Amino acid sequence: QVQLVESGGGLVQPGGSLRLSCAASGRTGSTYAMGWFRQAPGKEREFVGRIRWSHSTLYADSVKDRFTISGDNSKNTVYLQMNSLKPEDTAVYYCAASVVGGSGYDYWGQGTQVTVSS
């Protein structure tokens, strides 16, 4: 089992920045990738980006060049730095973990709300 806890959400004005954190605990040695997803009201959950423990990253086109994912292996923590935020970035943000032998993203955090509004 892997437990994930997100933090760092909140209210920010358009053009502002936020940094989300995702702290992993439990059998973290079995993970090989961490992903960020988001779900806006009335919409399906969508992929934001992911990082592998090799530090390679992949982003959705909608956030590329604005969002950056990084990881601190020593702290078992992944970060999502969000810059130039737009109202359409408003959503609940989730982190998720892929584990060796699993299928897709096997473990999910509880989510943290990000609201971009003036």
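All values reported here derive from a predicted model rather than from experimental measurement. Starting from 1, each residue takes its place in the sequence as its number.
Residues Met34 and Phe47 do not share a hydrophobic cluster, defined by chaining ILVMFWY side chains whose heavy atoms lie under 4.5 Å apart.
Under a 3.5 Å cut-off, the side chain of Glu6 and the backbone N or O of Gln110 do form a donor-acceptor pair. Without hydrogens or angle criteria, Thr90 side chain to Pro87 main chain gives a donor-acceptor distance under 3.5 Å. Under the 3.5 Å distance criterion, the side-chain polar atoms of Arg66 are matched with a main-chain donor or acceptor of Ser84. A distance-only check finds a donor-acceptor pair linking the side chain of Thr112 to the backbone of Gly9 [under 3.5 Å].
For CD of Gln1, the number of neighbouring non-hydrogen atoms (other residues, nucleotides, ligands) closer than 6.0 Å is 12 at most.
Considering only heavy atoms from C-beta on, Val99 comes within 4.5 Å of Val2 through its side chain. Two residues are said to be in side-chain contact when any heavy atoms from C-beta on lie closer than 4.5 Å; Leu85 and Pro14 fail this criterion.
A salt bridge links Lys64 and Asp61; the closest N-O separation between the charged side-chain nitrogens and carboxylate oxygens is under 4.0 Å.
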Steps toward side chain to side chain contact (heavy atoms under 4.5 Å, CB included) verdict (Leu58, Arg52): CA-CA 9 Å; Leu58 178 70; Arg52 292 178 175 162; over 6 Å; no

Going through the checks in order, is the side chain to side chain contact (heavy atoms under 4.5 Å, CB included) test met by Val12 and Met82?
CA-CA 11 Å; Val12 63; Met82 305 184 293; over 6 Å; no

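Asp106 CG to Leu4 CG: the interatomic distance, rounded to the nearest 0.5 Å, is 10.5 Å. Note that OG1 of Thr28 and OH of Tyr32 are 15.5 Å apart. Values are rounded to the nearest 0.5 Å.
For the salt bridge (charged side-chain N to carboxylate O under 4.0 Å, His left out) condition, the pairs that include at least one residue of residues 41-50, sequence neighbours left out, are Arg38-Glu46. The ring pair (Phe, Tyr, Trp, His ring centres under 6.0 Å) analysis of residues 94-118, with sequence neighbours excluded, yields the pairs Phe37-Tyr105, Phe37-Trp108. For residues 27-56, no residue pair satisfies the disulfide (SG to SG under 2.5 Å) rule, not counting sequence neighbours.
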Identify each donor-acceptor pair in which a side-chain atom of residues 16-24 lies under 3.5 Å from a protein atom, sequence neighbours left out, and give them as a table.
residue	atom	partner	partner atom	Å
Ser17	OG	Asn83	OD1	2.9

Taking only distance into account, with no hydrogens and no angle test, what donor-acceptor pairs under 3.5 Å do side-chain atoms of residues 73-80 form with protein atoms, sequence neighbours excluded?
residue	atom	partner	partner atom	Å
Ser74	OG	Asp72	OD1	2.5
Thr77	OG1	Lys75	O	2.9

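Scanning all heavy atoms of the two residues, the minimum distance from Thr57 to Ile69 falls at CG2-O, 3.8 Å. Here the closest non-hydrogen pair linking His55 and Ile51 is CA-CG1, 3.9 Å.
Checked against salt bridge (Lys or Arg N to Asp or Glu O under 4.0 Å), Asp65 has no partners two or more places apart in sequence or in another chain.
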